[in-house]
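The chains referred to below are lettered A, B, ... by the order of the sequence lines, with proteins before strands, and numbering in each begins at 1. Any value given below was found using the heavy atoms of this structure, including those in side chains, with hydrogens, waters and symmetry copies removed. Please read these numbers as outputs of a predicted model, since none were measured by experiment.
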Amino acid sequence: MQATASQSDPIISFRHVNKIYNNGTVGLKDINFDIPRGQFLVVVGLSGAGKSTLLRTINRMHEISSGEVLVDNESVSAYKGKSLRQLRRKIGMIFQNFNLVKRSTVEKNVLSGLVSYYPTWKCVLGLFSADDRKRAFQALTRVSLTKKIFARADELSGGQQQRVAIARALMQEPKIILADEPIASLDPRTTKAVMDTLQRLNREDGITVIVNLHSVELAQQYADRIVGLRAGELVYDEDIANVTTEALDHVYQTDSEV
Amino acid sequence: MSYPEMPQRPWSQRHHVRAIVWTLVLIILLALSSWATGADFGMFLANLDQFTVLLVQMAHPAWDYLSVIIQPLYETIQMAILGTTIGAAFAIPFSILAAHNLVSNKYLRGLIRFVLDLVRTLPDLLLAAIFVAVFGIGSTAGVVTLAIFSFGMVSKLFYEVIETIDMGPLEAMKSVGASKITIIWYAVLPQVLNQFVSYFLYTLEINVRASTVLGYLGAGGIGVYLQRSLDQFNYSATAMIILATLVVVMVIDGVSNHLRRVLL
């Protein structure tokens with residue numbers, strides 16, 4: 001069973017995590033599971049099921065109402081100020097809308113992944129070391145975008161922008177990458193390029209990757225393990241070997257159909 | 001093949017009832033307000049020939065007067081640039097603190113906005129009168145007046161620009177572990193810079209015109225000469241001053257358009 005594998009060395013653990021929004025909406029309901037180091041985990045579920053919220057509780061972009069989220073066996077709730085920034089530094093994040101600064105160059109966007117390693121005044125003046133500029137170039141090499149290094153981000157196609165966003169995350173030297181619907185605004189071919197890149201980072205660098213996806217087919221193709229959310233509840237959790245399409249469909253049923 | 005008969009337009013639409021009623025209402029309101037304020041249209045028409053006389057005199061600009069006003073005009077431009085730059089520099093931090101998408105503390109934001117409203121309420125002529133009294137006659141008073149006037153105006157324009165930005169890059173920078181200042185520098189400024197420049201130049205243009213009036217109060221620049229020419233009924237000189245100011249405004253407008261294209 002999954003549980004025995006997780007207990008050995010979980011990088012992330014959810015312990016009775018609840019999230020209730022100010023307007024009373026339940027975001028997450030008693031979430032309990034562990035994510036082992038180096039796993040490629042895909043979270044599936046309908047829009048509004050709480051996938052984005054779940055992802056963002058890990059790097060505290062969203063606060064939880066009760067329970068505990070542990071990263072490297074430490075509760076993230078206690079962090080603030082500098083220690084919170086250091087937590088976020090080891091967790092790269094990829095977004096549906098890429099979230100690049102469109103008017104800045106690709107190089108500057110990639111270097112911006114490093115800012116938590118530098119004091120603020122050096123970031124403002126753009127004083128990055130020659131070594132780090134070389135690393136930015138290497139990060140772009142890994143996502144096959146070296147030719148675009150001095151182009152402005154808005155000159156790039158959607159798939160290229162997402163790869164720049166991955167390069168930015170790589171600069172953080174992350175232990176974890178969170179990807180929130182990374183391919184929702186991309187066409188099928190660029191989707192493959194982006195998912196393959198994430199898979200490579202997972203296999204070659206041992207980065208734990210957690211991806212929110214709509215598509216069950218993609219989930220089955222890339223995941224080591226699939227968890228399903230419905231209305232804020234964890235309703236599905238299987239290793240890829242045990243995943244069946246019929247059982248997954250259950251995740252996508254609305255409450256009235258259950 | 002037969003088409004269904006086209007429906008008749010209702011009577012009120014055919015006779016433009018709404019447009020006619022609105023026009024009548026506007027005319028009545030205008031007449032009422034002129035009666036209430038005592039503005040006399042009869043006098044306006046009766047004295048129209050005076051205006052024509054003035055126009056005829058102004059139609060012959062005193063071209064040689066240019067050599068006299070070139071130095072004060074230069075001073076006016078310097079005053080405007082200095083005043084606008086100082087005002088805009090102070091406006092940047094204030095506009096960041098006033099933007100609701102950057103500052104979630106609504107009391108701080110409310111306080112900043114109150115200060116900005118207060119600054120904008122002060123008429124520039126009042127400011128000029130005060131600062132002439134404080135700093136004495138000369139361009140220092142003009143620069144300080146323009147700086148405060150631009151600060152109030154530019155802050156509002158700036159924070160409205162900031163409130164329209166894409167919040168995505170801010171979320172990304174936050175997730176990277178960036179500090180607040182770094183987030184503003186990397187994710188906010190690149191998105192607003194070209195509009196900041198454009199509003200800066202617009203304010204500069206307004207300040208060139210405003211400083212001609214400030215000269216009336218002794219705040220330096222071309223205004224002193226404008227006042228003198230009007231006092232001496234030397235309308236050909238007045239026309240020259242207006243023409244020269246127009247050229248300056250047009251140049252700023254041209255630079256502004258060019259920069260906006262380049263920066264976009």
> At a 4.5 Å cut-off on heavy atoms, which part of A:N97 comes close to chain B: side chain, backbone, both, or neither?
neither
> More than 12 non-hydrogen atoms from neighbouring residues, nucleotides or ligands closer than 6.0 Å to CZ on B:F200, yes or no?
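Enclosed.
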> Checking A:K82 against chain B: side chain, backbone, both or neither under 4.5 Å from a heavy atom?
neither
> Nearest 0.5 Å, please: how far is OG in A:S116 from CE in B:M173?
8.5 Å
> Verify, without hydrogens or angle tests, whether B:Y186 (side chain) and A:V101 (backbone) share a donor-acceptor contact under 3.5 angstrom.
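Between the backbone of A:V101 and the side chain of B:Y186 there is no qualifying donor-acceptor contact (under 3.5 Å).
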> Ignoring hydrogens and geometry, is there a side-chain-to-backbone donor-acceptor pair from A:R89 to B:G177 under 3.5 Å?
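Absent.
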> Tell me, do A:V115 and B:V176 make a side-chain contact under 4.5 Å, heavy atoms counted?
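The answer is yes; the side chains approach within 4.5 Å.
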> Testing B:I181, B:L189, B:I184, B:T182 for side-chain contact (heavy atoms from CB on, under 4.5 Å) with A:V124, which one passes?
B:I181
> Below 4.5 Å from any heavy atom of chain B, which atoms of A:T120 appear? Answer side chain, backbone, both or neither.
both
> With rounding to the nearest 0.5 angstrom, report the OG to CZ distance, B:S175 to A:R60.
14.5 Å
> Kindly give the heavy-atom pair with the smallest separation between B:E171 and A:M61, and that separation in Å.
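Scanning both residues, the minimum pair turns out to be O-CE, 3.2 Å.
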> Quick check on A:R56 against chain B: is it the side chain, the backbone, both or neither that has a heavy atom closer than 4.5 Å?
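Looking at A:R56, just its side chain touches chain B.
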> Does A:K148 have more than 12 heavy atoms from other residues, nucleotides or ligands lying within 6.0 Å of its NZ?
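Open: at most 12 neighbouring heavy atoms sit under 6.0 Å from NZ of A:K148.
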> Would you indicate whether B:F90, at its atom CZ, is surrounded by more than 12 heavy atoms from other residues, nucleotides or ligands within a distance under 6.0 Å?
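Result for CZ/B:F90: open.
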> If you draw a 6.0 Å radius around OH in B:Y202, do more than 12 non-hydrogen atoms from other residues or ligands fall strictly inside?
no
> Tell me whether the count of non-hydrogen atoms from other residues, nucleotides or ligands lying under 6.0 Å of CE in B:M167 goes above 12.
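Above 12, so yes.
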> How long is the gap from CG on B:D166 to CG on A:N99, to the nearest 0.5 Å?
6.5 Å
> Between A:Q172, A:R168, A:M93, which shows the greatest number of heavy-atom pairs under 4.5 Å with chain B?
A:Q172
> Is the number of heavy atoms from other residues, nucleotides or ligands under 6.0 Å of B:I137 CD1 greater than 12?
no
> With a sphere of 6.0 Å drawn around CG of A:N22, does it hold more than 12 non-hydrogen atoms of other residues, nucleotides or ligands?
no
> Counting only heavy atoms not in A:Y21, do more than 12 sit closer than 6.0 Å to its OH atom?
yes
